[in-house]
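Notes to accompany the following structure.
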Amino acid sequence: MDRKQRCVKLSVQPSRGLMDEKFTVLVQNVSPGFQLTVHALHQCEDGHSWEAFGHYTADATGTMNVSEDPSLGGTYSGVEPMGLLWSLRPVPGSKSGLRIRKVNVQTPMEVTTSVYQGHQTKGFMDQVPLAGVVVERWYMAPGVRRIPITEDELTATLFLPPGPGPFPGLLDLWGGGGDLLEYRAALLASHGIASLALDYLTPKITMETGNLVNNKYFETAYRVLQQHPQVLGSRIAMLGLSFGASITLKMAAYSQVVKLSCAVCVSGSHVQPVEGSVKEILDFCRENAGKTRFSEENEVIWRELLLPIPTDPSLKVDVGQIQCPLLLVVGEDDQNWPAHESAVDMKEMMERAGNSHLLTVLSYPNAGHLIEPPHMPHARASLFRSVASRHSVMALWGGETVAHAHAQEDAWRKMLVFLRENL
């Protein structure tokens with residue numbers, strides 16, 4: 001390598017930004033036609049390391065731009081501005097079934113971006129990079145306030161956007177694994193929506209009593225959000241993923257307390273005992289456990305538990321009663337839940353009821369179950385401990401990495417538009 005290449009310049013702009021914000025990676029001061037590898041390394045809060053890399057060739061001016069130039073190989077190929085994030089994978093030798101999830105949203109996701117000489121595929125830690133820079137990606141924008149909520153026996157966290165407000169509100173529900181997950185609510189607050197992340201499967205009250213919450217728990221959470229002085233009580237949405245979508249649909253259709261301006265359901269289904277609460281829905285799934293299938297790699301496939309879509313009206317939410325705009329986000333390769341079949345049936349039900357004008361469906365070929373905020377690495381399968389089974393299994397979520405990554409980006413952008421238009 002000549003003297004010039006010892007002064008390789010690597011810049012990432014912005015080096016500090018939100019998780020859904022794109023960045024530009026620029027390499028300068030290399031020889032024309034110089035072959036290089038751009039490498040990203042991230043250490044999770046659980047101590048596991050993840051990496052992604054792309055192979056590039058500098059242009060006639062000795063410059064390479066990840067946003068404009070194609071990767072010729074690596075963990076992603078082609079022009080993929082954010083491939084260094086969404087194609088992150090556990091480093092060689094890691095245990096199987098890992099998945100990245102941000103736990104402490106008050107700290108950034110740190111990614112060390114480096115440039116190496118040649119088209120490398122391994123041994124990055126044994127080499128000295130030509131240049132490196134640390135990139136920070138945040139779920140909480142500056143000024144967002146994080147407020148733990150324990151009143152009325154809730155286990156929740158409220159995120160308020162910067163400024164005096166009042167702000168539109170959103171109740172954020174995750175899926176069947178339980179826990180209080182805050183990163184999506186924090187990111188929504190960074191976009192101006194007061195968001196309440198709610199633990200409803202493993203809240204403190206359930207851990208203390210052993211009893212699952214009933215539907216009043218969700219109505220209480222809605223009221224707490226509605227009555228907050230910095231929340232516009234007449235402009236509240238619900239967002240649910242997987243099991244959380246089941247609750248969202250039930251509240252939107254039947255609750256006399258929860259009056260939504262709009263609702264978003266990601267990778268969910270309306271199939272459930274209509275009269276039931278959380279316990280009855282979980283019992284319904286357990287009763288159908290015999291429909292569980294396994295992949296060739298012995299990964300658990302649960303999508304058949306709710307199939308075929310029942311005709312019995314007592315076993316699915318009457319979405320014809322929903323009177324607010326509804327957005328369904330569906331991965332057509334979802335191996336965990338029959339989201340696509342459910343969306344088709346819900347569309348037909350709403351057409352018969354005359355409220356299909358309220359429905360928007362975003363359906364993504366080759367996307368899987370875990371449709372997350374943008375640039376999150378795709379996990380086709382991962383270890384999962386469901387509240388229903390209480391032991392860990394390797395769950396098959398589905399999805400093809402490139403298509404899934406693009407679906408996450410597109411769905412998030414359109415979801416924000418949908419929320420802004422209806423809140």
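Keep in mind that this is a model prediction, so the values were computed, not measured. Atom set for the values below is all heavy atoms of this structure, side chains included, hydrogens, waters and symmetry mates excluded.
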* Note, Tyr222 side chain near Leu260 side chain (heavy atom, < 4.5 Å) -> yes
* Is there any ring pair (Phe, Tyr, Trp, His ring centres under 6.0 Å) pair reaching into residues 141-181, and which pairs are they, with sequence neighbours excluded? -> Trp174-Tyr183
* Is the side chain of Ser71 donor-acceptor paired with the backbone N or O of Tyr76 at a distance under 3.5 Å, no angle test? -> yes
* **salt_bridge(Glu45, Arg101) N-O dist < 4.0 Å** => no
* How far apart are the C-alpha atoms of His378 and Thr401, what are their side-chain angles, what is the distance that settles it, and do they pass the side chain to side chain donor-acceptor pair (under 3.5 Å) test? -> CA-CA 6 Å; His378 169 237; Thr401 298; 3.1 Å; yes
* To do: Would you sort out whether Leu328 and Leu359 count as a side chain to side chain contact (heavy atoms under 4.5 Å, CB included), showing the intermediate values?
  => CA-CA 8 Å; Leu328 303 180; Leu359 179 65; 3.8 Å; yes
* **For the student: nearest non-hydrogen atoms of Phe384 and Gly176, plus distance** => CZ-C, 3.7 Å
* Can you name the nearest heavy-atom pair linking Cys44 to Ile100, along with the distance? -> SG-CG1, 3.5 Å
* Asked: Roughly how far apart are Ser195 OG and Leu158 CG, rounded to 0.5 Å?
  -> 8.0 Å
* Structure fact -> residues 350-363 vs salt bridge (charged side-chain N to carboxylate O under 4.0 Å, His left out), sequence neighbours excluded, gives Lys347-Glu351
* Qualifying residue, where the test is side chain to side chain donor-acceptor pair (under 3.5 Å) with Asp333 and the options are His340, His369, Arg380 -> Arg380
* Nearest heavy-atom pair of Gln321 and Ala253: which atoms, and what distance? -> OE1-O, 3.7 Å
* Any side-chain donor-acceptor pair under 3.5 Å between Glu409 and His404? -> no
* Measure the shortest side-chain to side-chain distance between Leu26 and Met64 over non-hydrogen atoms and say whether it is less than 4.5 angstrom. => no
* Decide yes or no for Met376 and Trp86: does some side-chain heavy atom of the first lie under 4.5 Å from some side-chain heavy atom of the second? => no
* Without hydrogens or angle criteria, can the side chains of Asp20 and His375 be said to hold a donor-acceptor pair below 3.5 Å? -> no
* Can you tell me how far the OG1 atom of Thr248 sits from the CD1 atom of Ile322, to the nearest 0.5 Å? -> 9.5 Å
* **Test item: Thr292 side-chain N/O and Ala289 main-chain N/O as donor-acceptor pair under 3.5 Å** => yes
Please tabulate, for the side chains in residues 416-423, all donor-acceptor contacts under 3.5 angstrom to protein atoms that are two or more places apart in sequence or on a different chain.
{"unit_1": "Asn422", "atom_1": "ND2", "unit_2": "Phe418", "atom_2": "O", "d": "2.9"}

* Asked: Checking side chain to side chain contact (heavy atoms under 4.5 Å, CB included) for the pair Met349/Asp318: CA distance, chi angles, key distance, verdict?
  -> CA-CA 8 Å; Met349 290 175 71; Asp318 182 4; 4.1 Å; yes
* **Backbone of Glu372 reached by a side-chain donor or acceptor of Gln408 within 3.5 Å** => yes
* Asked: Does Asp59 use its side chain to pair, donor to acceptor, with the backbone of Thr63 at less than 3.5 Å?
  -> yes
* To do: Start with the C-alpha gap between Val38 and Val25, add the side-chain angles, then the distance that decides, and say whether side chain to side chain contact (heavy atoms under 4.5 Å, CB included) holds.
  => CA-CA 9 Å; Val38 181; Val25 181; 4.2 Å; yes
* Do Met350 and Leu326 touch side chain to side chain, with heavy atoms closer than 4.5 Å? -> yes
* Flag yes if more than 12 heavy atoms outside Glu153 fall under 6.0 Å of its CD atom; otherwise flag no. => no
* **From Asp283, Asn214, Leu212, residue fulfilling side chain to side chain contact (heavy atoms under 4.5 Å, CB included) relative to Val278** => Leu212
* Heavy atoms, side chains only, cut-off 4.5 Å: are Val111 and Trp50 in contact? -> no
* Asked: Got a donor-acceptor contact below 3.5 angstrom from the Lys291 side chain to the Trp302 backbone?
  -> no
* Asked: So, does His228 use its side chain to make a donor-acceptor pair with the main chain of Ala194 at under 3.5 Å?
  -> no
Only distances under 3.5 Å count here; give the side-chain donor-acceptor pairs of residues 8-19 to other protein atoms, sequence neighbours excluded, each with its distance to 0.1 Å.
{"unit_1": "Arg16", "atom_1": "NE", "unit_2": "Glu136", "atom_2": "OE1", "d": "2.9"}

* To do: Mark yes or no for whether Ser242, through its side chain, and Gly244, through its backbone, hold a donor-acceptor pair below 3.5 Å.
  => no
* Given side chains that start at C-beta, do those of Leu396 and Met394 come closer than 4.5 Å, heavy atoms only? -> no
* Asked: Quick check: are there more than 12 heavy atoms from other residues, nucleotides or ligands sitting under 6.0 Å from CD of Glu275?
  -> no
* **Pairing of Lys316 and Asp345 as salt bridge, 4.0 angstrom limit** => yes
* Asked: Do Tyr200 and Ile247 touch side chain to side chain, with heavy atoms closer than 4.5 Å?
  -> yes
* With Phe53 via ring pair (Phe, Tyr, Trp, His ring centres under 6.0 Å) - residues at least two apart -> His55, Phe124
* Is the closest side-chain heavy-atom distance between Leu154 and Val224 below 4.5 Å? -> yes
* Gln43 and His48: side-chain donor and acceptor closer than 3.5 Å? -> no
* List the atom of Asn211, the atom of Thr206, and the distance in Å for their closest heavy-atom pair. => O-OG1, 2.9 Å
* So does Lys259 have more than 12 non-hydrogen atoms from other groups sitting under 6.0 Å from NZ? -> yes
* Considering all heavy atoms of both residues, which atom of Leu225 and which atom of Gly169 are nearest to each other, and what is their separation? -> CD2-C, 4.1 Å
* Asked: CG/Leu249 to NE2/His270 distance, rounded to the nearest 0.5 angstrom?
  -> 8.5 Å
* To do: Take Thr202 and Met207 through the test side chain to side chain contact (heavy atoms under 4.5 Å, CB included) and record every step on the way to the result.
  => CA-CA 6 Å; Thr202 53; Met207 296 297 98; 4.0 Å; yes
* **Check: Gln272 side chain, Ser246 main-chain N or O, donor-acceptor pair, under 3.5 Å** => yes
* Asked: Which pair of heavy atoms, one from Ser267 and one from Trp337, lies closest together, and at what distance?
  -> O-CD1, 3.9 Å
* Rounded to the nearest 0.5 Å, how far apart are NZ of Lys279 and CZ of Phe284? -> 14.5 Å
* To do: Identify, with sequence neighbours excluded, every residue that meets side chain to side chain donor-acceptor pair (under 3.5 Å) alongside Thr157.
  => Glu182
* Asked: Does Pro161 offer a backbone N or O that forms a donor-acceptor pair with the side chain of Arg145 under 3.5 Å?
  -> yes
* Structure fact -> Value for CE (Met238) from NZ (Lys250), rounded to nearest 0.5 Å, stands at 11.5 Å
* Can any side-chain N or O of Asn355 pair as donor or acceptor with the backbone N or O of Leu358 at less than 3.5 Å? -> no
* Would Arg303 and Glu341 count as a salt bridge (charged side-chain N to carboxylate O under 4.0 Å, His left out) if you check the C-alpha gap in whole Å, the side-chain angles of each, and the deciding distance to 0.1 Å? -> CA-CA 10 Å; Arg303 67 185 311 276; Glu341 293 90 340; 2.6 Å; yes
* **Check: Ser67/Lys22 side-chain N/O donor and acceptor closer than 3.5 Å** => no
* Asked: CZ/Phe243 to OG/Ser269 distance, rounded to the nearest 0.5 angstrom?
  -> 11.5 Å
